[in-house]
S.K.: 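Before anything else, here's the structure in question.
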Amino acid sequence: MTTATAAQGVFEGMPTPLYAASPSRLLAYLECPRRYRFQYLDRPRPTSRPQRAHTSVGLATHNALRDWWDLPRGERTASGGAALLRKAWIETGFRDDDQSGRWRSRVGGEVKAYLGDVDPDDQPRGIERTVAMRTDSLVLNGRVDRIDERPGVDGPELVIVDYKTSRRTCTEEDARTSLPLALYAAATWRMFRRRTLRVELHHVPTATVAGHMHTVESLRRKLDEADSLARDARRADASYRELGVESPSFPPLPSALCTWCDYRAACPEGQRMGPEKSSWAALEPGDERRTDGEKYPEEELLEGSGSTVRLGGRAGQPEGRGGEDDLGGEPGGGVRRAG
């Protein structure tokens, strides 16, 4: 029995412990093992940069949409949702008070337009509901923005709803390929014992919905993907317990996204990918300035446009809680108006 194994209280002959994680944790390891180590393993954790404006927007929007369902029925109106947004507004990350005020007004209008197509009497089955399940390798937990109950072919079915606040609209492909949405659906089905195959990305700025109808087989493939990630991450965690920061299991994966990374100050490879983006860059790429106050060259803006216009994580990935979901349609998909 090794020292690392003994430290976990695991003895020879015992089954391998399941890996406990959220979809955000699994995706963090997939996208950059170095960032995963910074965020989940290093203690003390490297200092993270201050919260960005787009995260403040996401948090305020999610909180307003959550609290809307707690309003008395007479106050559960589109205007009531806009008022909740103003109350939930977070000033952090904006260039100045003027920019914050403009965005508070803008996002308030977006929330109002989105809620204009939501039936206030159609109470969801769950709001920011924690779901959990076990697989062959994984103890999964996560938090779903909203769980709807809708008529199905063989009776009521549940639908996974995830709010998105990115300036980039969502597509059916985003919903189809999203690992978190599929894991939420599988966990919800198991917990509620109710068929859950449809997943939706509700894009609040445009009040549109990108949805996908999974099959049992496609959910199983996503669970297999999660199991594979969990096995890889568990091996990396074991290497970290034995070797610490000298472990070779956490290489950086440099990309244009490094200029947005919360932990880039602790990562030389990430710093070499370019100057850090300003804290409001995702909101107003046309006025995008570096942290030193200088504007980015136009060609750099164009090169990085795929990431500069997004808020929170990648499309289909949890957002609005710092990208973290820890204890935190039409058939066939397509995009339609919310409602």
S.K.: Distance-only, no hydrogens or angles: does the R34 side chain make a donor-acceptor pair with backbone N or O of F250 under 3.5 Å?
M.R.: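 Indeed, once roles are kept as given, a pair shorter than 3.5 Å links the two residues.
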
S.K.: Atom CG in L115, atom CG in L65: separation rounded to 0.5 Å?
M.R.: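 Interatomic distance, L115 CG to L65 CG, rounded to 0.5 Å: 5.5 Å.
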
S.K.: Quick check: closest heavy atoms across A281 and W260, and the distance to 0.1 Å?
M.R.: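 Reported closest heavy-atom pair: CB-CH2, 3.6 Å.
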
S.K.: For a quick test of reading the model, state the closest non-hydrogen atom pair linking L183 to P23 and the distance between them.
M.R.: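 Residues L183 and P23, closest heavy atoms: CD1-CG, 4.1 Å.
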
S.K.: What is the distance from atom NE2 of H203 to atom SG of C170, rounded to the nearest 0.5 Å?
M.R.: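 Separation between the atoms: 5.5 Å.
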
S.K.: Mind checking what makes salt bridge (charged side-chain N to carboxylate O under 4.0 Å, His left out) contact with R264, not counting sequence neighbours?
M.R.: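 Salt bridge (charged side-chain N to carboxylate O under 4.0 Å, His left out) list for R264, sorted by chain: empty.
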
S.K.: So do W189 and R195 actually touch side chain to side chain, heavy atoms under 4.5 Å?
M.R.: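 SC-SC contact between R195 and W189 confirmed.
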
S.K.: Under a single-linkage definition using a 4.5 Å side-chain heavy-atom cutoff for Ile, Leu, Val, Met, Phe, Trp and Tyr, are V153 and V216 assigned to the same hydrophobic cluster?
M.R.: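 In one cluster: no.
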
S.K.: My understanding is that only residues two or more places apart in sequence, or in another chain, count here; which of them pass ring-ring contact (aromatic ring centres under 6.0 Å, His included) with F94?
M.R.: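 F94 satisfies ring-ring contact (aromatic ring centres under 6.0 Å, His included) with W89 once adjacent residues are dropped.
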
S.K.: Ignoring hydrogens and angles, tell me if any N or O in the side chain of D145 forms a donor-acceptor pair with the backbone of Y163 under 3.5 Å.
M.R.: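 Between the backbone of Y163 and the side chain of D145 there is a qualifying donor-acceptor contact (under 3.5 Å).
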
S.K.: Please check this pair: side chain of K222 against backbone of T177, looking for a donor-acceptor N/O pair closer than 3.5 Å.
M.R.: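 Between the backbone of T177 and the side chain of K222 there is a qualifying donor-acceptor contact (under 3.5 Å).
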
S.K.: Could you measure the distance from the CG atom of D119 to the CZ atom of R76? Nearest 0.5 Å is fine.
M.R.: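 If we round to the nearest 0.5 Å, D119:CG and R76:CZ are 9.5 Å apart.
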
S.K.: Once you round to the nearest 0.5 Å, how far does CD of E284 lie from CZ of R102?
M.R.: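 Between atom CD of E284 and atom CZ of R102 there are 4.5 Å.
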
S.K.: What is the minimum heavy-atom distance between R35 and A28, and which atoms define it?
M.R.: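 Minimum heavy-atom contact is NH2-CA, 3.8 Å.
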
S.K.: Carefully, step by step, assess K87 and D67 under the rule side-chain contact (heavy atoms from CB on, under 4.5 Å).
M.R.: CA-CA 11 Å; K87 183 183 300 184; D67 294 344; over 6 Å; no

S.K.: I need the minimum non-hydrogen distance between M191 and V131, along with the two atoms involved.
M.R.: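 Nearest pair, atom of M191 first, then V131: SD-CA, 3.3 Å.
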
S.K.: Is it true that R73 and D121 have a side-chain N and a carboxylate O under 4.0 angstrom from each other?
M.R.: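 A salt bridge is present here (some side-chain N lies under 4.0 Å from a carboxylate O).
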
S.K.: Can any side-chain N or O of R37 pair as donor or acceptor with the backbone N or O of S249 at less than 3.5 Å?
M.R.: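 Judged by distance alone, no pair lies under 3.5 Å.
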
S.K.: Drop me the distance from L253's CG to Y36's OH, to the nearest 0.5 angstrom.
M.R.: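 Output value for this atom pair is 14.0 Å.
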
S.K.: If we ignore angles and hydrogens, is there a donor and acceptor under 3.5 Å between the side chains of T171 and D174?
M.R.: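 Yes.
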
S.K.: For the backbone of Y184 and the side chain of T188, can you confirm whether one donor and one acceptor N or O come within less than 3.5 Å of each other?
M.R.: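 Such a contact is found between T188 side chain and Y184 backbone.
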
S.K.: Main chain of R66, side chain of R146: is a donor-acceptor contact present, judged purely on distance under 3.5 Å?
M.R.: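 The answer is no, because no donor-acceptor pair under 3.5 Å joins these two groups.
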
S.K.: Between W103 and D98, is there a donor-acceptor pair closer than 3.5 Å when you use the side chain of the first and the backbone of the second?
M.R.: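 Answer holds: no.
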
S.K.: Decide whether L71 and V204 are clustered together by the hydrophobic rule: side chain heavy atoms of Ile, Leu, Val, Met, Phe, Trp, Tyr closer than 4.5 Å, transitively.
M.R.: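 Yes, it is one cluster - the side chains of L71 and V204 are joined through contacts under 4.5 Å.
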
S.K.: Around atom CG of D97, are there more than 12 heavy atoms of other residues, nucleotides or ligands at under 6.0 Å?
M.R.: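 Counting other residues, nucleotides and ligands, CG of D97 stays at 12 neighbours or fewer.
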
S.K.: Can you tell if the side chain of L138 reaches within under 4.5 Å of the side chain of L223, non-hydrogen atoms only?
M.R.: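 A side-chain contact is absent here, since even the closest heavy-atom pair is not under 4.5 Å.
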
S.K.: My understanding is that only one of R241, R235, R234 makes a side-chain contact (heavy atoms from CB on, under 4.5 Å) with D237; could you say which?
M.R.: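 Among R241, R235, R234, the one meeting side-chain contact (heavy atoms from CB on, under 4.5 Å) with D237 is R241.
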
S.K.: Taking all heavy atoms of G211 and all of A175, pick out the closest pair and write down the distance.
M.R.: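 That closest heavy-atom pairing would be C-CB, 4.0 Å.
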
S.K.: Could you tell me if the side chain of D162 sits less than 4.5 Å from the side chain of V144, heavy atoms only?
M.R.: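 Answer no - side chains too far apart.
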
S.K.: For S228 and E225, indicate whether the former's side chain and the latter's backbone hold a donor-acceptor pair under 3.5 Å.
M.R.: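 A pair under 3.5 Å: no.
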
S.K.: Given side chains that start at C-beta, do those of F38 and C261 come closer than 4.5 Å, heavy atoms only?
M.R.: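 Not touching, per the 4.5 Å side-chain cut-off.
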
S.K.: List the atom of R167, the atom of R106, and the distance in Å for their closest heavy-atom pair.
M.R.: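 Smallest interatomic distance, heavy atoms only, reads NH1-NH2, 3.4 Å.
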
S.K.: Looking at K277, is its backbone amide N or carbonyl O close enough to the side chain of R52 to form a donor-acceptor pair, meaning the two atoms are under 3.5 Å apart?
M.R.: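 Judged by distance alone, yes, a pair lies under 3.5 Å.
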
S.K.: Side chains of L26 and Y19: closer than 4.5 Å at any heavy-atom pair?
M.R.: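 Counting from C-beta outward, L26 and Y19 do come under 4.5 Å.
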
S.K.: Take atom CZ in R45; do more than 12 heavy atoms of anything else shown fall under 6.0 Å from it?
M.R.: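 Enclosed.
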
S.K.: Strictly distance-based, threshold 3.5 Å: is any side-chain N or O of N141 a donor or acceptor partner for the main-chain N or O of A132?
M.R.: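 It does not hold such a pair.
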
S.K.: L158 versus E149: any side-chain heavy-atom pair under 4.5 Å?
M.R.: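 Yes, close enough: below the 4.5 Å cut-off.
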
S.K.: Do L18 and Y29 belong together in a cluster built from hydrophobic side chains that touch within less than 4.5 Å?
M.R.: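 No, L18 does not connect to Y29 through the hydrophobic network.
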
S.K.: Check whether any side-chain heavy atom of V159 sits under 4.5 Å from a side-chain heavy atom of V199, and report yes or no.
M.R.: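 No, side chains not in contact.
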
S.K.: Quick check: do E91 and R104 have side-chain heavy atoms less than 4.5 Å from each other?
M.R.: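 They are in side-chain contact.
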
S.K.: R129: which residues meet the side-chain hydrogen bond (donor to acceptor under 3.5 Å, both in side chains) condition with it, sequence neighbours left out?
M.R.: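 By the side-chain hydrogen bond (donor to acceptor under 3.5 Å, both in side chains) rule, R129 matches no residue at all.
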
S.K.: Under the side-chain contact (heavy atoms from CB on, under 4.5 Å) criterion, do L85 and T61 qualify, and how do the steps go?
M.R.: CA-CA 6 Å; L85 185 282; T61 303; 4.2 Å; yes

S.K.: I would like to know whether T196 and I147 meet side-chain contact (heavy atoms from CB on, under 4.5 Å); could you show each step before the answer?
M.R.: CA-CA 10 Å; T196 310; I147 303 173; over 6 Å; no

S.K.: Could you grab the distance from atom SG of C267 to atom CG of D262, nearest 0.5 Å is fine?
M.R.: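 Between atom SG of C267 and atom CG of D262 there are 12.5 Å.
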
S.K.: Using the ring of each side chain (for Trp, its six-membered ring), is H214 parallel, tilted or perpendicular to H212, with breaks at 30° and 60°?
M.R.: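 Rings of H214 and H212: perpendicular, as their planes differ by over 60°.
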
